[in-house]
Number of protein chains: 2
Amino acid sequence: MFSKATEYGIKAIIYIASQSMLERRVKIGEVVEHIDSPVAFTAKIVGALVKVGIVQSITGPYGGFYIDRHRMDQIKMIDIVTAIDGDSIFNGCGLGLKECDDEQPCPMHYKFVQIRADLKDMLNSTSILELAEGLKSGKSILMR
Amino acid sequence: MFSKATEYGIKAIIYIASQSMLERRVKIGEVVEHIDSPVAFTAKIVGALVKVGIVQSITGPYGGFYIDRHRMDQIKMIDIVTAIDGDSIFNGCGLGLKECDDEQPCPMHYKFVQIRADLKDMLNSTSILELAEGLKSGKSILMR
DNA sequence: TTTATTTAAGATAAAATTGTCTTAAATAAA
DNA sequence: TTTATTTAAGACAATTTTATCTTAAATAAA
Ligand code: SF4
Ligand code: SF4
C-alpha cells in the first residue's frame with residue numbers, strides 16, 4: 001500500500017509519540033529497536049519529518065526526537081504519508097492513464113474514486129494521538 | 001496503486017480484448033501504439049499472461065495475440081493483477097507489520113480491512129469484457 | 001575548553017523495478 | 001525449401017527505491 005519509507009515513517013512516529021506521552025525523548029537507536037527498521041534509512045526519514053515540523057529534535061547528549069503533546073491530535077496520518085510519498089497515491093487513474101473523460105468513465109472509475117476517497121478519509125481522520133494511545137494500551141505492537 | 005507492469009498488463013489486455021471482439025488478432029507493436037507503453041517490456045508482460053492462459057497467441061506471420069471471446073466475461077481484473085504482481089496487495093497490514101493481534105487491532109485496522117475488501121471486490125467483479133466494451137463504445141481511451 | 005553523544009546531511013552501495021537488446025523458435029507464404 | 005514475420009526467452013542496462021557509510025554540526029557534561 002505504502003512505500004517502505006512511509007511505513008518506517010509511520011511506525012517511527014507512532015513510537016516517538018507513545019514515548020512523548022510519557023515525557024520521554026528517544027534516540028534513533030531506540031526507535032529502530034522498537035520498530036525493527038534499518039537505522040540510517042529510518043534516521044533520514046525521521047529527519048525529513050523534522051524538517052516539515054511533524055517531529056521535533058534536539059542534537060547532542062540527552063537529545064533525541066519528540067513530538068509536542070498538544071499537537072499530537074492535530075497531526076494526521078495523511079500528513080506523514082504526503083510528507084514522504086507526496087500525494088501521488090491520491091491522484092490520477094488506477095490504470096495509469098494520464099487523464100480520462102469524467103463524463104465517460106470506464107466501469108471501474110467510480111469504484112476507484114470511492115476506494116481512494118475512503119483511504120484518504122481514513123488517513124485524514126486518524127491522528128498520531130489515537131495510534132500512540134493504541135500502542136500505549138498494548139493494542140498494537142509495532143515490532144511484529 | 002499498481003506496478004507499471006500491472007498497469008501495462010491491464011491496458012494491453014483491454015486493447016487485445018477490444019480487438020478480439022472484432023475478430024482481430026493484434027501484434028505487440030499495434031498494442032503498444034494504442035496503450036503508449038515500452039514494447040519489449042510490454043511483450044514480456046503479455047507473454048506472462050499467455051503462460052497463465054489469460055491471453056492466447058500465435059507465432060509467425062499473421063500471428064499475434066487474442067482472447068477467446070467466450071472467456072472474456074470469466075476473466076476478471078483480479079486475475080491479471082495477481083498474475084503479474086501476486087497477491088501481496090491483499091495480504092498483510094497497511095503499516096507493514098508482519099502479524100497483528102486481530103483481537104486488539106490498531107485504530108486503522110478495520111478501515112484498512114474494509115478498503116482492501118472493496119478493492120478486491122472491484123477487481124473480482126469487473127471482467128475484461130466490461131472494460132473492452134467500454135473501450136469499444138468510446139467510453140475509455142487507453143492512450144491518455 | 002575538551003570530550004562524548006547525538007542529530008544532520010550527503011556520498012556511496014545494494015536491491016528491486018523498469019526497460020532494452022539479441023537470439024531462438026514457430027509458422028505462414030512464396 | 002526458403003524467406004519473412006511474429007512471439008518466446010533470456011541476457012543486459014537504466015532507473016528508482018532502499019539501505020549504508022562517512023563526515024559535519026550541535027550541545028550537554030566534565
Ligand atoms: S475512467 Fe477508468 S481509466 Fe479513466 S481515469 Fe477513471 S478509472 Fe482510470
Ligand atoms: S491492527 Fe493496525 S497495525 Fe495491526 S495489522 Fe491491523 S492495521 Fe496493521
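Letters A, B, ... are given to chains in the order of the sequence lines, protein chains preceding strands, and every chain is numbered from 1. All heavy atoms count here, side chains included; hydrogens, waters and symmetry mates do not.
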Output field dot_bracket for DNA chain C (Watson-Crick or G-U, both distances under 3.5 Å, | for other-strand pairs) contains ||||||||||||||||||||||||||||||
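Contact of the B:Ile89 side chain with the A:Met1 side chain is not registered, since no non-hydrogen atoms from C-beta on lie closer than 4.5 Å. Put simply, the side chain of B:Phe41 does not reach to within 4.5 Å of the side chain of B:Val32, judged on heavy atoms. Within the 4.5 Å cutoff, no side-chain heavy atoms of B:Ile128 are placed close to those of B:Ile14. With a 4.5 Å cut-off on side-chain heavy atoms, B:Met72 and B:Ser127 do not count as touching.
A close approach under 4.0 Å does occur between a side-chain nitrogen or oxygen of B:Tyr8 and OP1 or OP2 of C:dG19. Using a 4.0 Å cut-off, no side-chain N or O of A:Lys4 falls inside it from OP1 or OP2 of D:dT17.
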Return the polar atom pairs (N/O with N/O) between nucleotides 21-27 of chain D and the protein under 3.5 Å, or none.
{"unit_1": "D:dA26", "atom_1": "O3'", "unit_2": "A:Thr59", "atom_2": "OG1", "d": "3.3"}

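Relative to the side chain of B:Lys27, the nucleotides C:dT18, C:dT7, D:dT7 differ in distance, and D:dT7 lies closest. For A:Lys51, the listed nucleotide lying nearest its side chain is C:dA9; candidates were C:dT7, D:dA28, C:dA9.
Atom CD1 in A:Ile45 sits roughly 15 Å away from atom C1' in C:dA8 (whole-Å rounding). For the pair B:Asp85 CG and C:dA16 P, the interatomic distance rounds to 15 Å; values are reported in whole Å. When the P atom of D:dA8 is taken as reference, atom CD1 of B:Ile28 falls 9 Å away, rounded to whole Å. For the pair A:Lys11 NZ and D:dT18 C1', the computed distance is 14 Å after rounding to whole Å. Per the geometry, OH belonging to B:Tyr62 stands 11 Å off C1' belonging to D:dA4, to the nearest Å. Taking atom CD of residue A:Gln56 and atom P of nucleotide C:dA8, one finds them 11 Å apart after rounding to whole Å. As rounded to whole Å, 9 Å separates atom P of D:dT18 from atom CD of A:Glu7. Nucleotide C:dT5 holds its P atom 17 Å from the CZ atom of A:Arg25, rounded to whole Å.
Tested against B:Gln19 for a side chain to side chain donor-acceptor pair (under 3.5 Å), the candidates B:Arg25, B:His34, B:Arg24 yield a single pass: B:Arg24. Paired with A:Met122 under the rule side-chain contact (heavy atoms from CB on, under 4.5 Å), one option of A:Thr126, A:Asp118, A:Asn124 passes, and it is A:Thr126.
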task: Evaluate side-chain contact (heavy atoms from CB on, under 4.5 Å) for B:Leu119 paired with B:Ile115, printing each intermediate quantity in order.
output: CA-CA 6 Å; B:Leu119 178 64; B:Ile115 285 168; 5.6 Å; no
- Task: Walk me through it: do B:Val50 and B:Phe65 pass the test side-chain contact (heavy atoms from CB on, under 4.5 Å)?
- Result: CA-CA 9 Å; B:Val50 170; B:Phe65 298 98; 3.8 Å; yes
Item to complete: Take B:Leu22 and B:Ser18 through the test side-chain contact (heavy atoms from CB on, under 4.5 Å) and record every step on the way to the result.
Response: CA-CA 7 Å; B:Leu22 308 173; B:Ser18 76; over 6 Å; no
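Among the heavy atoms of the strands lying under 4.0 Å from B:Gly64 are primed sugar atoms or P, OP1, OP2 only; no base atom is included. Within 4.0 Å of A:Phe41, counting heavy atoms only, lies at least one base atom of the nucleic acid.
The list of side chain to side chain donor-acceptor pair (under 3.5 Å) pairs with a residue in residues 38-63 of chain A, not counting sequence neighbours, reads A:Ser37-A:Thr42.
Where A:Gly63 and A:Thr6 each meet DNA chain D at their nearest nucleotide, the meeting point lying more 5' is that of A:Thr6.
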